[in-house]
Amino acid sequence: MTSEGLRYDAQAAIRHLKAVDARLAAVIDGAGPFELEPRGDPYQSLFRAVLYQQLAGAAAAAIERRVLAIFGGSTPRPEEMVATPDEALRSAGLSRQKTAYLKDLAAKVLDGSIRPDLADLPDDEVVREVTSVKGIGRWTAEMLLIFCLGRPDVLPTGDLGLRKAIQKIYGLGALPSPAEVERIAEPWRPYRSVATWYLWRASETVLPGGGATVQ
């Protein structure tokens, strides 16, 4: 994986982070190259995120294969998803709830609630539109911003892996609250996504969507 396709200069981000935070600088020096390549389109990324929710990686991957097989091995287009009988999706292993969530995602893409120019919208607008979908919360929207849209300044304050890494690296007696995460991360602006990625790497956090451990 590389940092190609980002909308920001990763090396400039690293220089900034090392200059403003000595503890984070040590993490960066120990972790090695920054490797993040934005991938997928928003609809496909959200479809996969919902499918993988609350499932172990192997189980989710098996269900994903069966679901995609219904559509010739590809992520279904929104119109295909809406038109597919629930029974067919349930037979592939989707729960009733996830079937409803994925159909709501597809319907919102079709009716324009999630706009086709999502990738060009400000971060807060992306979060607002994406979280209008049943079953998609702020954390999933933030992962979309970082890993699909390549946004530089996203701070998922509720992410457990990030909070654990901050607790360890900054010598805190307890997990930091979201407000404390915000306070510690303030000097990292406008590159909080990069800082978050390095802290995940330091804590060997498994990436969203059942991906491999960052290491």
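Stacking of R189 on the aromatic ring of Y191 is not recorded, the 6.0 Å distance cut-off and the 45° axial limit not both being met.
Looking only at atom types and distance, the side chain of D159 has a donor-acceptor partner in the side chain of W200 under 3.5 Å away. Judged by distance alone, the side chains of Y198 and D29 never bring a donor and an acceptor atom under 3.5 Å apart. Under the 3.5 Å distance criterion, with hydrogens and angles disregarded, no donor-acceptor pair is assigned to the side chains of Y101 and Q53.
R7 places no side-chain N or O within 3.5 Å of a backbone atom of G150 that could act as its donor or acceptor partner. Here the side chain of H16 pairs no donor or acceptor atom with the backbone of Q11 at under 3.5 angstrom. In this structure a side-chain-to-backbone donor-acceptor pair under 3.5 Å is missing from E186 to R183. Of the possible donor and acceptor atoms, one in the side chain of K98 sits under 3.5 Å from a partner among the backbone N and O of L51.
Applying the salt bridge (charged side-chain N to carboxylate O under 4.0 Å, His left out) rule to pairs touching residues 165-178 yields nothing, sequence neighbours excluded.
Using a cutoff of 4.0 Å between basic side-chain nitrogens and carboxylate oxygens, E125 and R115 are scored as salt-bridged. Look at E37 and R39 and you find no salt bridge, because none of the NZ, NE, NH1 or NH2 atoms lies under 4.0 Å from a carboxylate O.
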Q.
Test side chain to side chain contact (heavy atoms under 4.5 Å, CB included) on V130 and L118; report intermediate values, then the result.
A. CA-CA 9 Å; V130 166; L118 190 70; 4.1 Å; yes
(Q) What verdict does the side chain to side chain contact (heavy atoms under 4.5 Å, CB included) test give for S113 and E129, after you've listed the backbone C-alpha separation in whole Å, the side-chain angles of each residue and the deciding distance to 0.1 Å? (A) CA-CA 7 Å; S113 297; E129 294 199 8; over 6 Å; no
Q | Worked verdict on R90 versus E87 for salt bridge (Lys or Arg N to Asp or Glu O under 4.0 Å) | A | CA-CA 5 Å; R90 296 289 307 284; E87 294 75 16; over 6 Å; no
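Looking at V194 and Y8, their side chains come closer than 4.5 Å, going by heavy atoms from C-beta outward. No side-chain heavy atom of D21 sits under 4.5 Å from any side-chain heavy atom of P187. Here the side chains of L172 and E180 are in contact, with some heavy-atom distance below 4.5 Å. In this structure the side chain of R192 reaches within 4.5 angstrom of the side chain of E182, judged on heavy atoms. Residues F71 and R77 are not in side-chain contact: their nearest non-hydrogen atoms beyond the backbone lie 4.5 Å or more apart. Residues R151 and L144 have side chains not in contact (no heavy-atom distance under 4.5 Å, counting atoms from C-beta outward). Using a 4.5 Å cut-off on side-chain heavy atoms (C-beta onward), I169 and V27 make contact. Annotation: side chain of P38 is not in contact with side chain of L149 (no heavy-atom distance under 4.5 Å).
Listed here is the closest heavy atom pair of V181 and R163: CG2-CG, 4.0 Å. For the pair G93 and I63, the tightest heavy-atom approach, listed with the atom from each and the gap, is O-CD1, 3.6 Å. Here the closest non-hydrogen pair linking W197 and E35 is CZ2-O, 3.3 Å. The two residues P42 and C148 have their closest heavy-atom pair at N-SG, 3.8 Å. Nearest heavy atom pair, residue I146 against residue S193, reads CG1-OG, 3.9 Å. Closest heavy-atom contact between P76 and Y43: O-OH, 2.9 Å.
Rounding to the nearest 0.5 angstrom, the gap separating the OG1 atom in T75 from the CD atom in Q44 is 4.5 Å.
Shown here is R138, whose CZ atom has no more than 12 heavy atoms of other residues, nucleotides or ligands within 6.0 Å. Within a 6.0 Å sphere centred on NZ of K103, other residues, nucleotides and ligands contribute more than 12 heavy atoms.
Here the options are D104, T140, V50, the test is side chain to side chain contact (heavy atoms under 4.5 Å, CB included), and the partner is V133; only D104 passes.
Using a 4.5 Å cut-off between side-chain heavy atoms of Ile, Leu, Val, Met, Phe, Trp and Tyr, with links allowed through other members, V127 and W139 fall into the same hydrophobic cluster.
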